[in-house]
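Okay, structure first, notes after.
Along the sequence shown, residues are numbered consecutively beginning with 1. Order of listing sets the numbers, starting from 1, for every ligand and every atom in it.
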Amino acid sequence: MINAAYDTNNIFAKILRGEIPSHKVYEDDNVLAFMDVMPQAEGHVLVVPKAASRNILDADPATLGTLIATVQRVAIAAQDAFDADGITIMQFNEALAGQSVFHLHFHVIPRKEGVPLKPHSGKMEDGAVLAANAAKIKESLAG
Ligand code: DGP
């Protein structure tokens with residue numbers, strides 16, 4: 001439903017509150033970036049604002065400004081970390097459009113020549129793989 005209320009118990013709100021773990025790659029006062037547990041390609045990152053919004057439709061424009069700047073930083077770092085041939089950035093609004101977690105987020109997905117995207121919200125990745133991929137992106141962000 002469009003214009004539904006923000007649910008403070010959505011999974012990304014729990015990650016932001018530290019109630020469930022995530023493989024973080026970047027954090028500041030406004031934004032958190034962490035590995036998607038069901039990556040559609042190696043190095044798939046989610047970038048979320050700390051401010052509560054369900055999706056882009058109810059987000060404060062100021063939140064979007066800081067968020068997209070971080071999406072760009074993470075995309076450049078992920079491109080470098082995985083020597084990607086391209087970066088797919090996706091963002092879904094409401095279930096009909098593919099959204100399954102109702103806290104605003106951007107997908108940043110490194111792409112390699114000849115490697116198709118895996119299904120959206122598909123198979124869970126091994127924690128050690130996610131940790132190693134997070135470390136690669138963090139290293140690129142630091143460099
Ligand atoms: P979307 O359809 O855009 O709402 O995609 C939500 C994404 O979140 C999807 O790619 C799978 C991912 N995801 C779901 N649950 C968790 C979780 O508990 N932790 C992490 N890191 N990612 C999750």
Side-chain angles (χ1 to χ4, degrees), residues 1-82 84-112 114-142:
M1 184 203 296
I2 302 268
N3 296 329
Y6 179 81
D7 174 8
T8 56
N9 281 322
N10 75 75
I11 203 89
F12 295 167
K14 290 180 180 177
I15 286 174
L16 284 166
R17 291 195 295 267
E19 292 169 9
I20 63 167
S22 65
H23 295 90
K24 296 180 185 180
V25 302
Y26 175 80
E27 181 167 17
D28 63 25
D29 289 347
N30 301 306
V31 181
L32 177 68
F34 53 94
M35 304 311 291
D36 192 308
V37 284
M38 293 174 241
Q40 291 187 249
E42 187 181 42
H44 182 165
V45 179
L46 299 169
V47 187
V48 312
K50 290 191 173 177
S53 69
R54 190 174 156 86
N55 53 43
I56 211 166
L57 302 174
D58 63 337
D60 183 330
T63 297
L64 293 176
T66 52
L67 182 62
I68 201 69
T70 306
V71 167
Q72 182 192 37
R73 276 190 70 190
V74 170
I76 291 167
Q79 190 276 326
D80 175 58
F82 294 95
D85 301 309
I87 299 284
T88 295
I89 293 176
M90 300 192 295
Q91 192 276 318
F92 304 114
N93 301 283
E94 301 301 329
L96 184 75
Q99 186 177 12
S100 59
V101 178
F102 296 95
H103 180 107
L104 174 61
H105 55 280
F106 279 80
H107 299 258
V108 175
I109 311 177
R111 304 298 306 276
K112 298 287 277 186
V115 180
L117 273 188
K118 293 180 193 161
H120 184 62
S121 294
K123 190 172 152 286
M124 287 267 279
E125 183 56 276
D126 185 70
V129 172
L130 294 176
N133 289 344
K136 284 186 192 172
I137 297 172
K138 274 195 273 193
E139 195 181 322
S140 287
L141 281 167

- Item | atom 1 (P) of ligand 1 [closest protein heavy-atom partner, distance rounded to 0.1 Å] | His105 NE2, 3.1 Å
- The answer for which part of Phe34 has a heavy atom under 4.0 Å from ligand 1 is side chain
- Query: Quick one: are the ring centres of Phe34 and Tyr26 less than 6.0 Å apart?
  - Reply: no
- Message: Is it the case that atom CD in Glu139 sees more than 12 heavy atoms from other parts of the structure closer than 6.0 Å?
- Response: no
- Message: For ligand 1 and Met35, I'd like to know whether there is a polar contact (N/O to N/O, distance under 3.5 Å).
- Response: yes
- Message: If I compare all heavy atoms of Ala41 with all of Leu117, which pair ends up nearest, and what's the gap?
- Response: CB-CD2, 4.4 Å
- Query: Between Arg54 and Phe102, is NZ or CZ placed under 6.0 angstrom from the six-membered ring centre and within 45° of the ring axis?
  - Reply: yes
- atom 14 (C) of ligand 1: which protein heavy atom is closest, and how many Å away? Met38 CE, 3.8 Å
- Message: With a cutoff of 4.0 Å, is Gln40 in contact with ligand 1, counting heavy atoms of the residue only?
- Response: no
- Query: Counting heavy atoms only, which of Asn10, Ile11, Asp36 comes nearest to atom 9 (C) of ligand 1?
  - Reply: Asp36
- Task: Identify the protein heavy atom lying closest to atom 16 (C) of ligand 1, giving its residue, its atom name and the separation to 0.1 Å.
- Result: Val37 CG2, 3.5 Å
- Task: Please indicate whether any nitrogen or oxygen in His107 is less than 3.5 Å from any nitrogen or oxygen in ligand 1.
- Result: yes
- Message: Before you tell me yes or no, could you show the steps for His105 and His103 under ring-ring contact (aromatic ring centres under 6.0 Å, His included), namely the whole-Å CA-CA distance, both residues' side-chain angles and the distance that decides it to 0.1 Å?
- Response: CA-CA 6 Å; His105 55 280; His103 180 107; 7.9 Å; no
- Message: Please determine whether side chain to side chain contact (heavy atoms under 4.5 Å, CB included) holds for the pair Ile109 and Asp36, giving the CA-CA distance in whole Å, both sets of side-chain angles, and the decisive distance to 0.1 Å.
- Response: CA-CA 10 Å; Ile109 311 177; Asp36 192 308; over 6 Å; no
- Message: With heavy-atom distances below 4.0 Å as the criterion, list the atoms of ligand 1 near Gly98.
- Response: 1 (P), 2 (O)
- What pair of heavy atoms forms the shortest contact from Val48 to Leu16, and how long is it? CG2-CD2, 4.0 Å
- Quick one: which ligand 1 atoms are inside 4.0 Å of a heavy atom on Ser121? 9 (C), 11 (C)
- Minimal heavy-atom distance between Phe92 and Asn55, with the atoms involved, is O-CB, 4.2 Å
- Task: Taking all heavy atoms of Ala81 and all of Lys136, pick out the closest pair and write down the distance.
- Result: CB-O, 3.7 Å
- Just jot down the ligand 1 atoms closer than 4.0 angstrom to any heavy atom of Leu46, in number order. 8 (O), 22 (N)
- Ser22 N/O under 3.5 Å from ligand 1 N/O: no
- Query: Closest non-hydrogen protein atom to atom 8 (O) of ligand 1, residue and atom name please, with distance?
  - Reply: Phe12 CZ, 3.3 Å
- Heavy atom of His120, distance to ligand 1 below 4.0 Å: yes
- Query: Does at least one non-hydrogen atom of Ile15 fall below 4.0 angstrom from an atom of ligand 1?
  - Reply: yes
